[in-house]
Amino acid sequence: MKVRSLLSLLLITSLLFLAACGNKEAEKEETGSKDTKKETYTVEHAMGTTEIEGTPKKVVILTNEGTEALLSMGVTPVGAVQSWTGDPWYDHISEKMQDVEVVGTESELNVEAIAKLQPDLIIGNKMRQEEQYNQLKDIAPTVMAETLRGNWKENFELYAKALNKEEKGKEVIAEYDQRIEDIKGDLGDKLNQKVSMVRFMAGDVRIYHKDSFSGVILDQIGFARPESQDVDDFAEKGVTKERIPAMDGDVLFYFTYETGDGEANKLAEDWLNDPLFQNLEVAKNDKVYEVSDAIWNTAGGVIAANKMLDDVEKFFLEQ
């Protein structure tokens, strides 16, 4: 009897051990990632080096052009800075941003709101948010672009690396570059027309040069520019009416940064109706066109760039 009892006890113990092992294997299959370390990758950026674990799912973006970069790669941020104009987003992206939380503006972040979102990744800009970097990196891995320039591609490539979406990023850029080439071919001799650009803001008038957002795009297409605007910098600021002759060209595009008080629109109306402006050849030839400030200047991202190309096609190919 004692031998038989001992054998029974050993059998039961063995069965319990096997069952326990089976349960552990089942748990591993169900949880999957619990025993598997997530892939990590390193991104070098303006503030140093950041290690990111896995592909980020909850991203907070702290620039307007960065928001467009994310959307173009199929990533909807959980939080983003408010558009410079719009309530709270530019019209051309508002539909895609309906469930996104506002986390301040580029120049005034709401760090508490960012922390509440518990992001996997924060993407910002040294020129805008260098002082908040240490706070941000304590919340989540943070990647910072160096500056905000006319050429959106420079920052876009960094964003694609940070998102672990380099291949998708290359696709977006390739599609844009192909579109530029197609438009070049369609325009032909029309590229010889000198394109002038002017911006009206409350208390300030600017003539835009080649290193502005729209200036870079016009240069990529191959348009000629008036001699005084054919300069590799951003813009001539604080322009007085004595400089109106420098605005002349074969075609003139102007955009107005209106914040809601009507002052920028009043300024634009005053200048456009000034006898000096009306005496420009471009005004006499009725080649002065108003375009969206958000699209041609303020948004500064890939979506706006493609919409600007839509305008170029409309004004030069469809009219």
Side-chain angles (χ1 to χ4, degrees), residues 60-72 76-110 113-114 123-125 127-129 145 147-152 155-156 159 197-209 211-218 234-235 237-239 252-272 288-312 314-315:
V60 169
I61 182 71
L62 306 180
T63 62
N64 283 266
E65 45 93 39
T67 297
E68 297 202 356
L70 265 62
L71 294 176
S72 73
T76 301
V78 294
V81 289
Q82 183 172 338
S83 299
W84 290 116
T85 56
D87 186 24
W89 315 115
Y90 296 124
D91 290 342
H92 67 279
I93 62 169
S94 59
E95 189 174 331
K96 296 180 179 179
M97 297 286 285
Q98 290 179 3
D99 298 322
V100 180
E101 292 288 329
V102 175
V103 294
T105 66
E106 286 190 15
S107 53
E108 289 188 36
L109 297 181
N110 185 337
I114 295 171
I123 300 176
N125 188 282
M127 188 174 85
R128 292 279 196 251
Q129 298 115 13
T147 188
L148 291 167
R149 298 186 182 277
N151 190 351
W152 56 267
N155 288 350
F156 185 92
Y159 303 152
M197 289 192 300
V198 178
R199 190 189 195 202
F200 297 103
M201 308 168 68
D204 190 17
V205 178
R206 299 178 178 183
I207 299 174
Y208 272 60
H209 297 163
D211 197 28
S212 60
F213 174 72
S214 43
V216 167
I217 294 173
L218 292 178
F234 175 61
K237 303 177 183 179
V239 172
L252 185 149
F253 294 105
Y254 74 92
F255 29 99
T256 306
Y257 183 70
E258 179 55 64
T259 59
D261 60 7
E263 292 303 312
N265 285 331
K266 286 180 186 177
L267 185 68
E269 184 178 0
D270 175 55
W271 279 60
L272 294 172
V288 177
Y289 303 113
E290 181 178 14
V291 290
S292 164
D293 184 85
I295 298 300
W296 280 62
N297 186 73
T298 317
V302 59
I303 298 175
N306 275 292
K307 288 193 171 293
M308 180 177 160
L309 294 183
D310 292 343
D311 284 344
V312 169
K314 179 176 74 173
F315 287 113

[X] versus [Y]: any side-chain heavy-atom pair under 4.5 Å?
| X | Y | answer |
| --- | --- | --- |
| L272 | Y254 | yes |
| T63 | N155 | no |
| N297 | R199 | yes |
| V60 | V78 | yes |
| M197 | L218 | yes |
| N306 | V302 | yes |
| I123 | L70 | yes |

Interatomic distance, [X] atom [atom1] to [Y] atom [atom2] [nearest 0.5 angstrom]:
| X | Y | atom1 | atom2 | result |
| --- | --- | --- | --- | --- |
| E65 | Y159 | CD | OH | 3.5 Å |
| N265 | T259 | CG | OG1 | 9.5 Å |
| E258 | E263 | CD | CD | 8.0 Å |
| I217 | S212 | CD1 | OG | 9.0 Å |
| D87 | Q82 | CG | CD | 7.0 Å |

A quick test of your reading: do over 12 heavy atoms of other residues, nucleotides or ligands sit less than 6.0 Å from [atom1] of [X]?
| X | atom1 | result |
| --- | --- | --- |
| D204 | CG | yes |
| D261 | CG | yes |
| E269 | CD | no |

Candidate pair V102 and V81, rule side-chain contact (heavy atoms from CB on, under 4.5 Å), full reasoning: CA-CA 6 Å; V102 175; V81 289; over 6 Å; no

Nearest non-hydrogen partners of [X] and [Y], listed with the distance:
| X | Y | answer |
| --- | --- | --- |
| S72 | F156 | OG-CE1, 3.4 Å |
| A294 | A304 | O-CB, 4.3 Å |
| I61 | G66 | CG1-C, 3.5 Å |

Y208/F234 under ring pair (Phe, Tyr, Trp, His ring centres under 6.0 Å): CA gap, chis, key distance, verdict: CA-CA 6 Å; Y208 272 60; F234 175 61; 5.1 Å; yes

Before you tell me yes or no, could you show the steps for M97 and T67 under side-chain contact (heavy atoms from CB on, under 4.5 Å), namely the whole-Å CA-CA distance, both residues' side-chain angles and the distance that decides it to 0.1 Å? CA-CA 9 Å; M97 297 286 285; T67 297; 3.6 Å; yes

All side-chain contact (heavy atoms from CB on, under 4.5 Å) counterparts of T76, not counting sequence neighbours: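 Partners of T76 by the side-chain contact (heavy atoms from CB on, under 4.5 Å) criterion, ordered by chain and then number, come out as L71, V100.
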
So, the side chain of [X] versus the backbone of [Y]: is there a donor-acceptor pair under 3.5 Å, distance only?
| X | Y | result |
| --- | --- | --- |
| E68 | I303 | yes |
| Q129 | L109 | no |
| S214 | W296 | yes |

Answer yes if the side chains of T298 and D293 hold a donor-acceptor pair under 3.5 Å, and no otherwise.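 Yes - a donor-acceptor pair under 3.5 Å links their side chains.
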
Is it true that E106 and N64 share a donor-acceptor pair across their side chains at a distance under 3.5 Å?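 N64 vs E106: donor-acceptor pair found between side chains.
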
So, F255 versus F200, ring centres under 6.0 angstrom or not?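 No; F200 has its ring centre 6.0 Å or more from that of F255.
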
Could you go step by step and tell me if I295 and D310 meet the side-chain contact (heavy atoms from CB on, under 4.5 Å) rule? CA-CA 10 Å; I295 298 300; D310 292 343; over 6 Å; no

Please assess Y90 against S292 for the test side-chain contact (heavy atoms from CB on, under 4.5 Å), listing each intermediate value before the final yes or no. CA-CA 11 Å; Y90 296 124; S292 164; over 6 Å; no

